[in-house]
Amino acid sequence: MSPAQLKKLQELSQVFSQGKANPKQIEQLSTLLAQINHFEEEPQQTTNDVTFVAAPRFV
């Protein structure tokens with residue numbers, strides 16, 4: 001998560017905790033969480049890529 005994303009998340013969290021979120025802020029939070037989740041998933045995909053080679057069969 002970037003520092004800018006963290007700051008925006010904190011701002012939106014405060015608005016939501018006060019019960020004052022409007023539809024635009026709900027959409028912003030949804031977009032932000034999707035970005036954060038996508039960012040967090042990318043490194044896992046590259047580090048978990050494994051290629052298996054079948055063992056030879058001897059008859």
Side-chain angles (χ1 to χ4, degrees):
M1 179 182 331
S2 73
Q5 289 173 323
L6 179 58
K7 182 178 179 182
K8 188 64 178 176
L9 183 59
Q10 289 170 336
E11 291 170 0
L12 289 170
S13 177
Q14 185 175 5
V15 172
F16 272 76
S17 68
Q18 296 170 352
K20 298 180 180 179
N22 62 38
K24 183 178 179 182
Q25 291 165 322
I26 294 170
E27 186 177 340
Q28 287 175 339
L29 179 61
S30 177
T31 302
L32 179 61
L33 291 174
Q35 290 171 353
I36 292 168
N37 287 333
H38 180 68
F39 177 77
E40 295 294 327
E41 289 174 4
E42 278 186 18
Q44 292 175 356
Q45 290 174 351
T46 57
T47 58
N48 290 336
D49 287 345
V50 177
T51 303
F52 292 97
V53 178
R57 292 179 149 198
F58 299 102
V59 179

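Note that the structure is predicted; figures quoted are calculated from it, not measured.
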Exercise. Counting distance only, does the side-chain N/O of Q25 pair as donor-acceptor with the main-chain N or O of N22 below 3.5 Å?
Worked result: yes
Problem set entry | Exercise: identify the closest heavy-atom pair between I26 and A21 | CG1-CB, 4.3 Å
Problem set entry | Atom pair CD (Q14) and NZ (K20), whose distance is rounded to the nearest 0.5 Å | 9.5 Å
For this session: Flag yes if more than 12 heavy atoms outside E27 fall under 6.0 Å of its CD atom; otherwise flag no.
Result: no
Exercise. Taking the side chain as C-beta and beyond, is there a heavy-atom pair between T31 and Q28 under 4.5 Å?
Worked result: no
Problem set entry | Side chain to side chain, L33 and L9, heavy atoms closer than 4.5 Å | yes
Exercise. Is L6 reachable from I36 through a run of I, L, V, M, F, W or Y residues, each pair having side-chain heavy atoms under 4.5 Å apart?
Worked result: yes
